[in-house]
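Okay, structure first, notes after.
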Amino acid sequence: MEQNKIIFFQDLGLKEYSEAFDIQEQLMTGLIDKKLKNRDRSEEDYQKTENYFLFVEHPHVYTLGKSGDEQNMLANADQLKEIGATFVKTNRGGDITYHGFGQIVGYPILDLDNFKSDIHLYMRNLEEVIIRTIAEYGLKGERSEGETGVWLDVGKPYARKICAMGVKTSKWVTMHGFALNVNTDLRYFEYIIPCGIRDKAVTSLQRELEKTFTDEEIKVLKDKILHHFSEVFDAQLV
């Protein structure tokens with residue numbers, strides 16, 4: 001069947017993690033349902049599956065992936081209340097991470113059968129989108145073997161992660177995605193062992209470039225991400 005490489009984009013703005021999760025799950029369930037029904041349809045009745053890409057910003061929240069270690073959450077309930085954060089167990093891969101203000105979170109809900117049914121390639125492509133984006137700001141993003149995401153100065157004592165990633169797939173449909181630190185308050189990472197990795201730090205565009213991004217500059221940054229996403233995935237965003 002012909003692949004559908006049109007991706008519907010929406011910026012959800014500021015949303016609680018649970019709200020954005022429900023939106024993703026609803027889209028994912030709809031795609032899986034359509035794929036299952038297509039098995040019994042004739043070629044004439046076959047329905048193309050859609051693809052979606054969401055931007056969102058979350059209030060302070062720590063999320064633990066299904067294979068994560070709860071001991072990597074260093075704060076107790078009282079401390080979480082004190083810093084205005086919540087803690088959520090979720091169904092993505094990976095360990096613990098932080099989402100909060102000043103971070104661009106991207107959630108692609110794609111049917112990988114429209115692209116390539118290869119989760120390893122999908123993760124590398126997500127990394128490539130961010131690598132190309134931050135290169136426009138003079139930063140050399142890199143991959144760290146066995147550690148998903150985008151890093152700076154890999155192999156050096158001060159290696160640090162600028163973009164965390166974790167996804168879930170079912171029937172080759174994806175949800176969750178990436179979190180790029182822009183104006184992120186990095187002190188919130190002190191309450192966890194980020195991604196379960198003890199010996200590496202976390203950074204942000206604000207720290208690396210020694211500047212705070214204005215709302216207009218964040219809009220430009222988002223446009224750059226969308227441009228590189230469409231290029232890497234050879235897709236049309238609408």
Worked check of side-chain contact (heavy atoms from CB on, under 4.5 Å) between K48 and K34
CA-CA 8 Å; K48 288 182 180 179; K34 184 176 280 191; over 6 Å; no
Check step by step if side-chain contact (heavy atoms from CB on, under 4.5 Å) holds for I225 and L180.
CA-CA 10 Å; I225 295 172; L180 175 63; 4.1 Å; yes
Audit row: V105, F55, side-chain contact (heavy atoms from CB on, under 4.5 Å) steps and yes/no
CA-CA 6 Å; V105 176; F55 276 159; over 6 Å; no
Walk me through it: do D113 and K35 pass the test salt bridge (Lys or Arg N to Asp or Glu O under 4.0 Å)?
CA-CA 10 Å; D113 283 333; K35 291 186 79 168; 2.6 Å; yes
List the steps and the verdict of side chain to side chain donor-acceptor pair (under 3.5 Å) for E216 and T214.
CA-CA 5 Å; E216 184 57 38; T214 64; over 6 Å; no
Walk me through whether F233 and K5 qualify under side-chain contact (heavy atoms from CB on, under 4.5 Å).
CA-CA 8 Å; F233 284 91; K5 293 201 170 187; over 6 Å; no
Apply ring-ring contact (aromatic ring centres under 6.0 Å, His included) to Y52 and F9, showing your working.
CA-CA 6 Å; Y52 304 92; F9 167 72; over 10 Å; no
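Put simply, CZ on R143 and CD on E147 are 14.0 Å apart, with the number rounded to the nearest 0.5 Å. Between atom CG of residue L226 and atom CG of residue L237 there is a gap of 6.0 Å, rounded to the nearest 0.5 Å. Note that CG of L64 and OG1 of T97 are 10.5 Å apart. Values are rounded to the nearest 0.5 Å. Rounded to the nearest 0.5 Å, atoms CD (E136) and CG (L139) are 11.5 Å apart. Note: F213 CZ to L205 CG = 4.5 Å, rounded to the nearest 0.5 Å. Summarising the geometry, atom NZ belonging to K15 is positioned 10.5 Å from atom CG belonging to D22; distances are rounded to the nearest 0.5 Å.
Counting only distance, with no hydrogens or angles, the side chain of Q206 and the backbone of T212 share no donor-acceptor pair below 3.5 Å. Looking only at distances, a side-chain donor or acceptor of S204 sits under 3.5 Å from a matching main-chain atom of R207. Between the T133 side chain and the I131 main chain, no donor and acceptor come within less than 3.5 Å of each other. S230 contributes a side-chain N or O that, together with a main-chain N or O of H227, makes up a donor-acceptor pair within less than 3.5 Å. Between the side chain of Q79 and the backbone N or O of N76, at least one donor-acceptor pair lies under 3.5 Å. N51 places a side-chain N or O within donor-acceptor distance of the main-chain N or O of I6, the cut-off being under 3.5 Å. Distance alone, capped at 3.5 Å, places no donor-acceptor pair between the N125 side chain and the V232 backbone. A donor-acceptor contact shorter than 3.5 Å is absent between the side chain of E127 and the backbone of T148. E142 contributes no side-chain N or O that, together with a main-chain N or O of V150, makes up a donor-acceptor pair within less than 3.5 Å. D185 places no side-chain N or O within 3.5 Å of a backbone atom of F101 that could act as its donor or acceptor partner.
No path of Ile, Leu, Val, Met, Phe, Trp and Tyr side chains, each step under 4.5 Å between heavy atoms, connects I109 with M123, placing them in separate hydrophobic clusters. Criterion: ILVMFWY side-chain heavy atoms under 4.5 Å apart, direct or through other members. Under it, F178 and I119 are part of a common hydrophobic cluster. At a threshold of 4.5 Å between side-chain heavy atoms, the hydrophobic network of Ile, Leu, Val, Met, Phe, Trp and Tyr places F21 and L14 in two separate groups. F115 and V238 fall into different hydrophobic clusters, where Ile, Leu, Val, Met, Phe, Trp and Tyr side chains are chained together by heavy-atom contacts under 4.5 Å. Linking ILVMFWY residues whenever their side-chain heavy atoms come closer than 4.5 Å, directly or via other members, places I96 and Y188 in the same cluster.
Smallest separation of non-hydrogen atoms from D11 and K222: OD2-NZ, 2.8 Å. In terms of heavy atoms, A201 sits closest to W151 at O-CZ3, 4.4 Å. Taking all atoms of both residues into account, the shortest heavy-atom contact from G94 to S67 is O-OG, 3.6 Å. Residue E16 comes nearest to H58 through the heavy atom pair C-ND1, 3.8 Å, listed as atom of the first residue, atom of the second, then distance. Taking both residues in full, the closest heavy atoms of A235 and I7 are given as CB-CD1, 3.6 Å, listed atom of the first, atom of the second, then distance.
Salt-bridge annotation for K219 and D223: present, with a side-chain N of the basic residue lying under 4.0 Å from a carboxylate O of the acidic one. A salt bridge does not link D118 with K116: none of the charged nitrogens is closer than 4.0 Å to a carboxylate oxygen. A salt bridge is absent between R124 and E128; no separation between the charged side-chain nitrogens and carboxylate oxygens falls under 4.0 Å. We find that R132 and E231 are joined by a salt bridge, their nearest charged nitrogen and carboxylate oxygen being less than 4.0 Å apart.
Here the two rings, on Y17 and F87, have centers that are 6.0 Å apart or farther.
A heavy-atom distance below 4.5 Å is not found between the side chains of L80 and T86. The closest side-chain heavy-atom distance from K140 to L152 is not below 4.5 Å.
Checking N181 against Q103 by side-chain atom types alone, a donor-acceptor pair falls below 3.5 Å. In summary, the side chains of R92 and T63 do present a donor paired with an acceptor at a separation below 3.5 Å, with no hydrogens or angles considered. Side-chain atoms of N114 and N4 include no donor-acceptor pair closer than 3.5 Å.
E25 CD: more than 12 foreign heavy atoms inside a 6.0 Å radius. In this structure, K66 places its NZ atom where more than 12 heavy-atom neighbours from other residues, nucleotides or ligands lie under 6.0 Å away. Counting heavy-atom neighbours within 6.0 Å of K37 NZ, excluding the residue itself, gives a total of 12 or less.
Ring geometry for Y98 versus H60: interplanar angle under 30°, hence parallel rather than tilted (30 to 60°). Using cut-offs of 30° and 60° for the angle between ring planes, the F229 and F53 rings count as parallel.
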What side-chain donor-acceptor pairs closer than 3.5 Å can you find for residues 163-177, not counting sequence neighbours?
| from | atom 1 | to | atom 2 | distance (Å) |
| --- | --- | --- | --- | --- |
| T174 | OG1 | P108 | O | 2.8 |
| T174 | OG1 | L110 | N | 3.0 |
| H176 | NE2 | N91 | OD1 | 2.6 |

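The side chain to side chain contact (heavy atoms under 4.5 Å, CB included) test with Y107 singles out one residue from I23, L12, V56, L27, and that residue is V56.
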